[in-house]
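The next block holds one structure in the form of structure tokens; read it before the comments.
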Amino acid sequence: MRSSHLKTALTTAALSILALPAFADDISFATSNRSAGENIVVYVGEALNLPTQMGGDISDAVESAMDASEFKGAFGISKTFYGLGGAKSVTVIGTGGETLTRRDLHDLGGHAAKAPGKGELSIIVEGLQTQSNTPSAELALGYRLGEYRFDTYKTGDQPEDRDVIFISDDTAASDDLMEADYEGLADAVDMVRDLGNAPGLDIYPQSFVDRVRKEARGIPNLKISVMGVREMEREGMGAILGVGKGSVHDPRLLVLEYMGGGSNDAPLALVGKGITFDTGGISLKPNTGQWLMKSDLSGAAAVAGTLISTAKRGADINLVGVMPLAENMPDGKAIRPGDVLATYQGKTIEVMSTDAEGRLLLVDAVPYTIEKYEPELIVDIATLTGSAGRALGDEYAALITRDFELAQTMMDIGDRSGEDVWPLPLHANHYDQIKSDIADIKSTAGSPGASIGAAVIGTFVDEDQPWVHLDIAGVDWRDSATPTAPKGHAGWGVRFMDQLIRDYEGK
Ligand code: BES
Ligand code: MN
Ligand code: ZN
């Protein structure tokens, strides 16, 4: 089966491989459903008390094993014991001594996904110190986020799905929440990771659109529309069109509109950079690490995922997602350094480096979105600059906004969502640095930082328009796993934007 999918992948049809349902263990919730010979996960705080659900014999054995292995119950530390009290394996996961937040529960669920054991896995949820009424659902969401792997291009047998049963007394509520909400959220993150991990050979503007269209089909109140070259020409989107000129794959502008709120409510708008492969264009990148530029569509993918999961759960909000998509290639037809492009809004921009292509997509897409939708808040999300990653590493996305209060709100949202953001500055002098000798502005300045990138976009956003810029170049791809994100594409942004939407929804 799998090798035949691979053959299709290597020819033309990226669709068929990317439409494969993502691997996912089967999750259910039960008050008690213990069977002999199973694999068990159990959460244990620093007091090292085992839940009564475990049963006496096995608890005694696990207690001795915890003692002998000096297990202390520290948060996120786990140990697996085999063959105790009739169980195949017992994995104890420490929960520490603090009250567990929702984010903590997601991490603890992610740890459970790494527990060994084939077939059946019972996760005992009892006595957790948390304010959540649905700890099992939070753990299950974390489990789903943590179990992801990308094996689309691997031939041979892959590990089989297992049956995961959360044993708890919040069964009904957690089951409902998982089904109506979190399942869709986890599926969306899976989709984003698939898009970011998949090779540039298979993901290009139109195949990106096709995958999203497939996922969006049949969801109530979600409308999809796509602009091709002709439509973008008519709209005067010279910058997006310029970026796409060197590729055999034409650019697209993908728009998802979800109208789940009141008909007069201003929407939230999300705009994501979608470079399906970034060679740098004529300003060609060096070879080292260039393969990673297959994931330069992370912003657009996160926007697509967020729109789909928000619509699936039927959120009470109006939301629009705008995704400019292009491939940045060197070619006889490609734009050159020094070229001047006319943008959607009318201002001209001098292209100093064709490798600063992300901001070119955004200087068309952001003002288009503001003009067309008059959003309450516009968030743009982009793998824009290597400098964001160098400044903040892989735990914080760079956050740039002109409004300090908004920055604090975003940091709080990041903290609660499990995807952190940290502010970088945008100074009036940054705008001075991008004055051009021959055009209205130029695309880069002496210092190639994240702030300059933001200033280019900010030139097209009025002072009174609430606007947040997220530079995710440091966080979208991970060299090592976290409890809730694998090595490779992290799917960064869906959880952050999901939390943002939940907060705005409650207003
Ligand atoms: N896609 C890159 C940014 C990037 C770098 C993402 C590393 C992920 C990892 C972007 O298009 C780019 O090339 N930025 C340049 C801008 C410069 C030419 C002003 C950069 O950061 O070097
Ligand atoms: Mn680039
Ligand atoms: Zn790029």
Side-chain angles (χ1 to χ4, degrees), residues 195-197 200 203-205 208 239-240 242-247 251 271-302 323-331 334-339 349-365 380-394 396-398 400 424 430 433-434 436 441-457 459 469-479 488-493:
L195 286 166
N197 283 317
I203 302 296
Y204 41 89
F208 183 108
I240 299 173
V243 174
K245 276 180 74 177
S247 173
V271 183
K273 167 181 172 180
I275 291 292
T276 59
F277 195 86
D278 182 12
T279 64
I282 297 299
S283 313
L284 195 63
K285 284 183 180 297
N287 176 45
T288 309
Q290 201 183 117
W291 62 275
L292 195 56
M293 288 301 113
K294 67 179 182 173
S295 65
D296 209 19
L297 45 62
S298 301
M323 292 147 275
L325 303 162
E327 188 184 38
N328 189 21
M329 292 294 250
D331 180 79
I335 53 167
R336 309 148 194 82
D339 282 357
I349 182 164
E350 185 184 5
V351 178
M352 303 311 287
S353 162
T354 64
D355 196 13
E357 83 297 336
R359 59 200 73 186
L360 295 177
L361 299 188
L362 294 173
V363 297
D364 275 344
D380 78 74
I381 174 167
T383 47
L384 209 70
T385 67
S387 108
R390 286 191 294 277
L392 297 175
D394 56 11
Y396 290 98
I400 296 182
L424 290 180
H430 290 129
Q433 289 183 45
I434 53 168
S436 162
I441 61 164
K442 56 184 180 181
S443 68
T444 71
S447 60
S451 300
I452 294 293
V456 171
I457 302 161
T459 302
H469 166 65
L470 298 172
D471 192 332
I472 60 169
V475 292
D476 69 318
W477 188 272
R478 299 198 60 90
D479 296 329
H489 203 271
W492 201 101

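One-based numbering, in listed order, for ligands and for the atoms of each.
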Q: Answer yes or no as to whether an N/O/S atom of Lys273 is found below 2.8 Å from the Zn ion (ligand 3).
A: yes
Q | Glu357, N/O/S atom nearest the Zn ion (ligand 3) | A | OE2
Q. Backbone, side chain, both or neither: what part of Lys273 comes under 4.0 angstrom of ligand 1, heavy atoms only?
A. side chain
Q: Check for a donor-acceptor pair, side chain of Thr354 on one end and backbone N or O of Pro337 on the other, with a separation under 3.5 Å.
A: no
Q. Do Val243 and Pro251 have side chains that get closer than 4.5 Å, going by heavy atoms?
A. no
Q: Measure from the Zn ion (ligand 3) to every N/O/S atom of Asp296 and report the name of the nearest one.
A: OD2
Q) Hey, are Asp476 and Ser298 close enough side-chain-wise for a donor-acceptor pair under 3.5 Å? A) yes
Q) Which N/O/S atom belongs to Asp278 and is the closest one to the Zn ion (ligand 3)? A) OD2
Q: Closest by any non-hydrogen atom to atom 15 (C) of ligand 1: pick that one out of Asp355, Ile275, Val456.
A: Asp355
Q) About how large, to 10 degrees, is the angle OD1 of Asp355, then the Mn ion (ligand 2), then OD2 of Asp278? A) 100°
Q. Do any nitrogen or oxygen atoms of Gly358 lie less than 3.5 angstrom from nitrogen or oxygen atoms of ligand 1?
A. no
(Q) Does this structure show an ion pair linking Asp331 with Lys245, if we count only N-O contacts that are shorter than 4.0 Å? (A) no
Q. Is the shortest distance from a heavy atom of Lys285 to ligand 1 less than 4.0 Å?
A. yes
(Q) Any atom of ligand 1 sitting under 4.0 Å from a heavy atom of Leu384? (A) yes
Q: Find, among atoms of Glu357 that are N, O or S, the one nearest to the Mn ion (ligand 2), and state its name.
A: OE1
Q: Report yes if some heavy atom in the side chain of Tyr204 is under 4.5 Å from a heavy atom in the side chain of Leu297; otherwise report no.
A: no
Q.
Whether the His489 and Asn197 side chains hold a donor-acceptor pair (N or O, under 3.5 Å, no angle test) is what I'd like checked.
A. no
(Q) Could you check whether any side-chain heavy atom of Leu362 comes within less than 4.5 Å of a side-chain heavy atom of Val271, counting everything from C-beta outward? (A) yes
Q) So, is Asp296 polar-close to ligand 1, with some N/O to N/O distance under 3.5 Å? A) yes
Q. Side chain, backbone, both or neither: which part of Ala473 comes within less than 4.0 Å of ligand 1 when only heavy atoms are counted?
A. both
Q | Over all atoms of both residues, closest heavy-atom pair of Val475 and Gly393 | A | CG1-O, 4.2 Å
Q. If you look at every heavy atom in Lys294 and Gly200, which pair is closest and at what distance?
A. CB-N, 4.1 Å
Q | Per atom 5 (C) of ligand 1, closest listed option by heavy atom (Ala388, Gly281, Gly386, Ala356) | A | Gly386
Q.
Under 3.5 Å between any N/O of Arg359 and any N/O of ligand 1: does that happen in this structure?
A. no
Q.
If we only consider heavy atoms of Gly389, is any one of them less than 4.0 Å away from an atom in ligand 1?
A. no
